[in-house]
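This chain uses plain numbering: 1 for the first residue, then up along the sequence.
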Amino acid sequence: MPRIPLGDWVNDAVDWLLNHVSWLFEFFKTVFTGAYDALEAVLQAPEPLLLAGIFAVLAFWLRGTLAGVLTFAGFAFIDSLDLWDDAMVTLSLVLVATVIALVISVPVGIWAARSDRVSALVRPVLDFMQTLPAMIYLIPAILFFGTGASAGIVATLIFALAPGVRMTELGIRQVDHELVEAAEAFGTTPRNTLLRVQLPLALPTVMAGVNQVIMLGLSMAAIAGMVGTGGLGGDVNEAIGQLDVGLGSEAGVAIVILAIYLDRMTSALGTQVSPLGRRAAARARATAGGLRIWSYRPRPQVAVIGVVVLGLVAGGMGVFGGSNGASTAVGDGKDVGQGKKVTIGYIPWDEGVASTYLWKEILEQRGYQVDAKQFDAGPLYTSLASGNVDFQTDAWLPTTHAQYWKKYGDRLDDLGTWYGPTSLELTVPAYMKDIDTLADLKGKAARFGGKITGIESSAGETALLKSKVLKAYGLDGEYKVVDSSTPAMLAELKRAYGKKEPIVVPLWSPHWAYNDYDLKKLKDPKGAWGKGDGVHTLARKGFAGDNPVVAKWLKGFKLDEKQLTSLEAEINKAGKGKQQDAVRAWLKKNPGLVDKLAPVPDAQAAAETKRPVDVAWFPWDEDVAVTHLWKHVLEGRGYRLNLKQMDVGPVYTGLASGDLDVNFDAWLPYAQGNYWDKSKDRLKDLGTWYSPTSLEIAVPSYVKDVKSLQDLKGKADRFDGKIIGIEPGTGEMNLLKTKVLPGYGLDKEYKVVDGSTPAMLAELKRAYAKKEPVAVVLWSPHWAYSRYDLTKLTDDKKLFGEGDTIRTIANEKFPERYPRLTKWIKNFRMSEDELGSLEAEIQRRGQGHEDEAVTAWLEQHPDIPGRMTRQ
């Protein structure tokens, strides 16, 4: 039977949505993220025990004294585990996802209850949603919404939608039909019947659906930790990655406490808001008789007052100094980041955790706000490529992460290797005396049960083991690689090692297992594993341009094996949640390392950025392009630029008087020579950044037999006897009419059509689209050469004259005031392709969008900012 390409169809559909509906996903992402951030800010603001008190008062009101006491004790226990912040992150995510899920599920459930056709259509969709493995929802969530809170919310609400729809439909359908008919007989409208009869009576069932939505949301929130949502889900994911049973138990207990609280509160709330529930509760209390302190519930007014009082206290503490986050003091002259946010992604491997928290501490000491997010390898690379994460420090290249680099490499920047070489290997316990190399495994499969206990099937090491290593030693028919996970492999290694049983596993160096167990790396005499990887730092495209100082630090980052292993040991000793404390302790033992890895710019450079730079520019394509390029790059380095559009004469006057600082578009020595000669003793020439310019006639390249001005002779009929010109009176037009055409004997044959630059470009565009011959007046640099395939007609007689160079000129005090900037400008160069493509991008986006165009262009030329500001 032929294979049905369902996966290809799904991929095509996803690509179409990404290409055509991305604006809608961005809108929802903004809404979801905004709601999540607002709720998290509210929950994180007060002191933990005060908020625990608010939760306890709510439980006291809804379920009684015992529930209130247990609630406070449960949340206080979470705080004692140092998991309060993570618990509030998870609670925020679940509540936002629940509200959105209910906004969708309740109306759909009502619609399904009132229409059998809708019910029949919705039911299989709900079956599909509930039976599809929960982790599958993470894939489209990442693709459409990136990583972080928005992806977690979307995956959670989709997974949790079904019970809300089902229970709402069930509750309404279970309402006694006679009651509905009676309401209708009294003339009640369908709308009032729904709101006043069906929904109140169905409310207990609907609230049971709300309860199930929350429970499913909590279960999914733990899985969503894989895509960088953080919270308790991130702790669970980290515990799995590090085989940390203690951390997993703590995070699991915290999730259970949240689940029990939300379960009991929503079920009790269902009783409170339902008329039938309130009557049943009143009858139960009357039957019980007397006051029981543990089941006593205050009146709603008392509960509201308690919540308001605690809320005011908590809010006051949150606003006027209460803060859960530890802040790092930034010393004088070291506030490089000035509060700028940087996001680091990491895989929960020891060297990744160590290097990430090392850089988190370093950057916070330098004044940055740093968010460290944990991912699996695939989501991490996806997040980097989409720009949701700024950089990561644990890319194993060129081998282990080769598949990810192949897929995403064109959207990432490699900032270099900071550790290496690593190694991949098969490993056995040292008590297996007769096995020292991969070749020694031959014929001994029975001792290992014919299997190699592997790691994730998607890992580069697994692919290499299956496709190359086993075949190289003739082991592929003898051994089976059992795909599992790194934690499962380590657990099996621990079990076998404890019993002194034979086992062979894939490992890599550096790895903590070599410290905990006495193991042997099996030698690879054939070199099947290849050369060792380097541990690289990878960044999103454009990160170096946006954060040049941090990028420079990361490019110079190096740790040796002793430093790395000692840092890993310090972190392992400190335990979960203490990674940054461990880094601080380690840095005290390594004084001077922070200043070595992140040197602070000198005070003179810092002072230079505080003085604004007045930049004059002309409305010429190359000046618009280069001025906005410098604006983007320099503002990323702390400078402030004031751009002022002016004509040529006033620019030279302003520079000479000191009212202006710099202009990047001086055409010298010819075009603007008269202005330069008049004021040159009060100006500074900071060098040429583009050369040579040229004036020319250009034709489309499909005009094959016209390569020079001489080739135009005798071909006037093909061009209708005209050359499309620009504004009359310009230097190029005068030169063309008075010197160039007569010099080549073309003045009798061709007429120069006066017009304007826009009109000339419009005619060029029209003729080019129809593949018609056209000759136009042009000059270099010009964006038209990037947009169209044109031929510059050679001027063998040099009648257009020698080309100018484009220089940067400044007032005479500029080098003294801006020494660092002066050095950068003097070293600045652009090629014709670079300038032309930048001009074309600006033209394409239109006036007023120059900054957007420069940003987009730099994504394709990420090396330019570093090249412009090279020391």
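Residues satisfying the side chain to side chain donor-acceptor pair (under 3.5 Å) test with Gln369, not counting sequence neighbours, are none. Listed by chain and number, the residues in a side chain to side chain donor-acceptor pair (under 3.5 Å) with Lys589 are Glu570 (sequence neighbours excluded). For Gln392, there are no side chain to side chain donor-acceptor pair (under 3.5 Å) partners at least two apart in sequence or on another chain. A search for side chain to side chain contact (heavy atoms under 4.5 Å, CB included) contacts involving Ser509 returns Ser423, Glu425, Tyr514, Lys521, not counting sequence neighbours. Every residue was checked against the salt bridge (Lys or Arg N to Asp or Glu O under 4.0 Å) condition with Asp440, not counting sequence neighbours, and none meets it. Residues satisfying the side chain to side chain contact (heavy atoms under 4.5 Å, CB included) criterion with Leu70, sequence neighbours excluded, are Leu66. Scored by the side chain to side chain contact (heavy atoms under 4.5 Å, CB included) test, Ala73 finds no partners at all (sequence neighbours excluded). Here Tyr497 pairs with Tyr431, Tyr517 under the ring pair (Phe, Tyr, Trp, His ring centres under 6.0 Å) rule; sequence neighbours left out. By the salt bridge (Lys or Arg N to Asp or Glu O under 4.0 Å) test, Asp413 pairs with Lys541, sequence neighbours left out.
Pairs passing the salt bridge (Lys or Arg N to Asp or Glu O under 4.0 Å) check and including a residue from residues 472-493, sequence neighbours excluded, read Lys466-Asp483, Glu492-Arg495. Sorted pairs that involve residues 433-477 and meet ring-ring contact (aromatic ring centres under 6.0 Å, His included), not counting sequence neighbours, are lacking altogether. Evaluation of the salt bridge (Lys or Arg N to Asp or Glu O under 4.0 Å) test over residues 152-161, restricted to residues two or more places apart or in two chains, returns none.
Between Lys523 and Asp436, no side-chain nitrogen of the basic residue sits less than 4.0 Å from a carboxylate oxygen of the acidic one, so the salt-bridge criterion is not met.
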